[in-house]
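Step one of this worksheet: look at the structure below.
Counting begins at 1 with the first residue of the sequence. Remember, it's 1-based here, ligands and their atoms both numbered in the order they're listed.
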Amino acid sequence: MTEEELQQLVEAVSLEWFERPFRHTAVFNRRLRTTGGRYFLRTHNLEFNYRQYEAYGIETLTAIIKHELCHYHLHIEGKGYKHRDRDFKVLSSHVGAPRYCEALPEHHYSYEYHCVHCGQVYLRKRMIDLSRYSCGKCRGKLQLTRKV
Ligand SMILES: [Zn+2]
Ligand SMILES: [Zn+2]
């Protein structure tokens with residue numbers, strides 16, 4: 001994904017979920033490790049963790065974008081924009097954004113399985129012997145979703 005595409009995605013998420021435009025700049029920061037993204041109070045710009053996008057794909061990136069846009073819109077509107085603020089809790093749950101911006105671990109998994117019964121997803125570094133293992137939640141059958 002290029003930075004132009006990132007900018008377009010942030011603008012689209014902002015309109016779709018917040019019904020307000022994003023009028024500043026979004027960039028990738030390849031050095032971010034511990035956070036999924038950052039909002040800059042002074043410039044109103046956003047930065048996103050490129051490695052999270054690489055490791056987890058567009059759905060995770062979109063969740064991070066929603067989280068950072070909560071900071072962005074609330075701050076611009078003079079509302080409580082910090083994680084502990086009530087405005088933040090209400091808005092983040094309304095748009096389905098994660099409450100915090102910590103990055104997910106970057107372990108490199110090779111195999112993704114899901115439970116055919118309850119849908120629980122399992123990421124594993126090695127192949128699982130499907131005749132011996134079942135879902136830890138419901139004992140359902142596991143199926144290989146994809147080899148990453
Ligand atoms: Zn945050
Ligand atoms: Zn299950």
Look at C115 and state whether any of its N, O or S atoms is less than 2.8 Å from the Zn ion (ligand 2). yes
No-hydrogen, no-angle side-chain donor-acceptor test under 3.5 Å, H44 and H71: no
What I'd like to find out is whether the side chain of N49 reaches to under 4.5 Å of the side chain of I64, using heavy atoms alone. no
Neighbouring protein N, O or S atoms of the Zn ion (ligand 1) [cut-off: under 2.8 Å, no waters]: H67 NE2, H71 NE2, H83 NE2, C101 SG
Test of understanding: with side-chain hydrogen bond (donor to acceptor under 3.5 Å, both in side chains), list the residues that count as partners of T145, not counting sequence neighbours. H114
Metal-centred angle, SG of C138 through the Zn ion (ligand 2) to SG of C135, rounded to 10 degrees: 120°
Any donor-acceptor pair under 3.5 Å linking the side chain of D85 with the backbone of D87? no
Taking K66 for its side chain and W17 for its backbone only, find out whether a donor-acceptor pair lies under 3.5 Å. no
Is any side-chain heavy atom of L61 less than 4.5 Å from a side-chain heavy atom of L9? yes
Would you say the side-chain atoms of R20 pair up with the backbone N or O of F18, donor to acceptor, closer than 3.5 Å? yes
